[in-house]
Amino acid sequence: MSDDHELRVSKIRDGTVIDHVRAGQALNVLAILGIDGSEGEGVSIGMNVPSDRLARKDIVKVEGRELSQDEVDVLSLIAPDATINIVREYDVVEKHRVERPSAVEGVLVCPNAGCITTENEPVTSRFDVLDDGVRCAYCERIVREEIASLIDT
């Protein structure tokens, strides 16, 4: 038996590999992407695997799907160190790190029941992205934990 330690995960033909996700966040990544198994995408998840950059990390592979920029923007809120790899015919054709946007619109729900965005008004939610969370642009509620639970599904 060899002393070498390897992570062996099969390659995907076409799709997206989301690497360098903070350990324990893979299921939140799936929630953000709306992946629950009902659409038939092939999904591979590696959780809490060794990483030189993060000590421990998660990896998510989604077959047959390339992420939109809006999805990457929201993903950056819970996985700011992530790398997005676009795969076609088993080759990585694009690779880039996520960049946190200054704001996100229409993708999160404000947890403040009194916020104008939650009171049946035709107002699209908008959150300013902070270094350690998000702030509602209307009521100024700051959320630092459980951002994934605010995703508008």
Side-chain angles (χ1 to χ4, degrees), residues 1-112 117-118 124-136 141-153:
M1 186 163 164
S2 170
D3 287 334
D4 292 339
H5 298 295
E6 291 183 26
L7 175 64
R8 294 179 188 214
V9 178
S10 62
K11 289 184 173 187
I12 61 174
R13 181 180 189 137
D14 297 295
T16 304
V17 177
I18 306 159
D19 198 359
H20 303 291
V21 175
R22 290 182 181 164
Q25 292 296 315
L27 298 179
N28 286 333
V29 167
L30 294 177
I32 284 173
L33 299 177
I35 296 173
D36 61 6
S38 64
E39 298 296 316
E41 299 106 326
V43 177
S44 301
I45 300 173
M47 295 182 74
N48 209 26
V49 297
S51 167
D52 292 334
R53 213 164 83 190
L54 298 172
R56 308 298 285 174
K57 69 178 180 180
D58 290 355
I59 302 167
V60 178
K61 293 184 176 190
V62 183
E63 294 185 60
R65 181 163 170 191
E66 293 183 15
L67 302 186
S68 70
Q69 189 59 52
D70 285 344
E71 289 173 317
V72 172
D73 287 349
V74 177
L75 182 65
S76 74
L77 300 177
I78 65 159
D81 305 306
T83 304
I84 307 296
N85 300 293
I86 303 299
V87 178
R88 294 187 191 129
E89 291 298 320
Y90 299 105
D91 289 323
V92 175
V93 296
E94 280 182 48
K95 182 175 185 170
H96 62 277
R97 287 190 178 180
V98 298
E99 293 182 22
R100 290 171 66 106
S102 59
V104 291
E105 281 191 36
V107 293
L108 301 175
V109 176
C110 186
N112 178 1
T117 62
T118 61
T124 302
S125 69
R126 177 182 167 87
F127 285 81
D128 298 317
V129 178
L130 311 173
D131 288 339
D132 62 345
V134 294
R135 177 181 54 232
C136 178
R141 168 78 57 98
I142 294 176
V143 180
R144 291 188 171 89
E145 303 287 325
E146 303 300 324
I147 292 172
S149 69
L150 302 179
I151 297 166
D152 190 10
T153 54

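Every heavy atom of this structure was used, including side-chain atoms; hydrogens, water molecules and symmetry mates were not. Being a predicted model, the structure only gives us computed values, none of them experimental.
Minimum heavy-atom separation, Glu71 to Ile32: O-CG2, 4.5 Å. Scanning both residues, Pro80 and Val98, for their nearest heavy atoms gives O-CG2, 3.6 Å. Between Ile12 and Val87, the closest heavy-atom pair is O-CG1, 3.3 Å. Counting all heavy atoms, side chain and backbone alike, Thr117 lies closest to Ser125 at CG2-CA, 3.8 Å. A pairwise comparison of heavy atoms in Asp73 and Glu99 identifies OD1-O, 4.2 Å as the closest pair. The two residues Arg88 and Glu66 have their closest heavy-atom pair at NE-OE2, 2.9 Å.
Between Asp81 and the choices Arg22, His20, Arg97, the side-chain hydrogen bond (donor to acceptor under 3.5 Å, both in side chains) rule is met once, by Arg22.
Taking CZ from Arg65 and CG from Leu33, the interatomic distance works out to 5.5 Å, rounded to the nearest 0.5 Å. Taking NZ of Lys61 as the start and OG1 of Thr16 as the end, the distance is 12.0 Å to the nearest 0.5 Å. Rounding to the nearest 0.5 Å gives a distance of 13.5 Å between CG of Asp91 and CD1 of Ile86.
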* Asked: Run the side-chain contact (heavy atoms from CB on, under 4.5 Å) check on Glu41 and Glu63 step by step: do they pass?
  -> CA-CA 6 Å; Glu41 299 106 326; Glu63 294 185 60; 5.9 Å; no
* Is there a side-chain contact (heavy atoms from CB on, under 4.5 Å) between Leu67 and Val62 once you walk through the steps? -> CA-CA 9 Å; Leu67 302 186; Val62 183; 5.9 Å; no
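Looking at heavy atoms from C-beta onward, Asn85 lies out of side-chain contact with Glu94 at the 4.5 angstrom threshold. By the 4.5 Å heavy-atom criterion applied to side chains, Arg141 and Arg135 are not counted as neighbours. Proximity of Ile84 to Leu75: side-chain heavy atoms (C-beta onward) are separated by under 4.5 Å at one or more points. Looking only at side-chain heavy atoms (C-beta outward), Leu77 and Leu108 come within less than 4.5 Å of each other. Val60 places none of its side-chain heavy atoms less than 4.5 Å from the side chain of Ile35. Counting heavy atoms from C-beta outward, Val143 and Pro111 have side chains that approach closer than 4.5 Å.
Between the side chain of Asp19 and the backbone N or O of Ile59, no donor-acceptor pair lies under 3.5 Å. A donor-acceptor distance shorter than 3.5 angstrom exists from the side chain of Asp58 to the backbone of Gln25, with no hydrogens or angles considered. The backbone N or O of Ala103 lies less than 3.5 Å from no partner atom in the side chain of Asp128, so there is not a single donor-acceptor pair. In this structure, Thr118 contributes its side chain and Val109 its backbone to no donor-acceptor pair below 3.5 Å. In this structure, Arg144 contributes its side chain and Gly133 its backbone to no donor-acceptor pair below 3.5 Å.
Atom CG of Asp132 sits in a crowded spot, with more than 12 heavy atoms from other residues, nucleotides or ligands closer than 6.0 Å.
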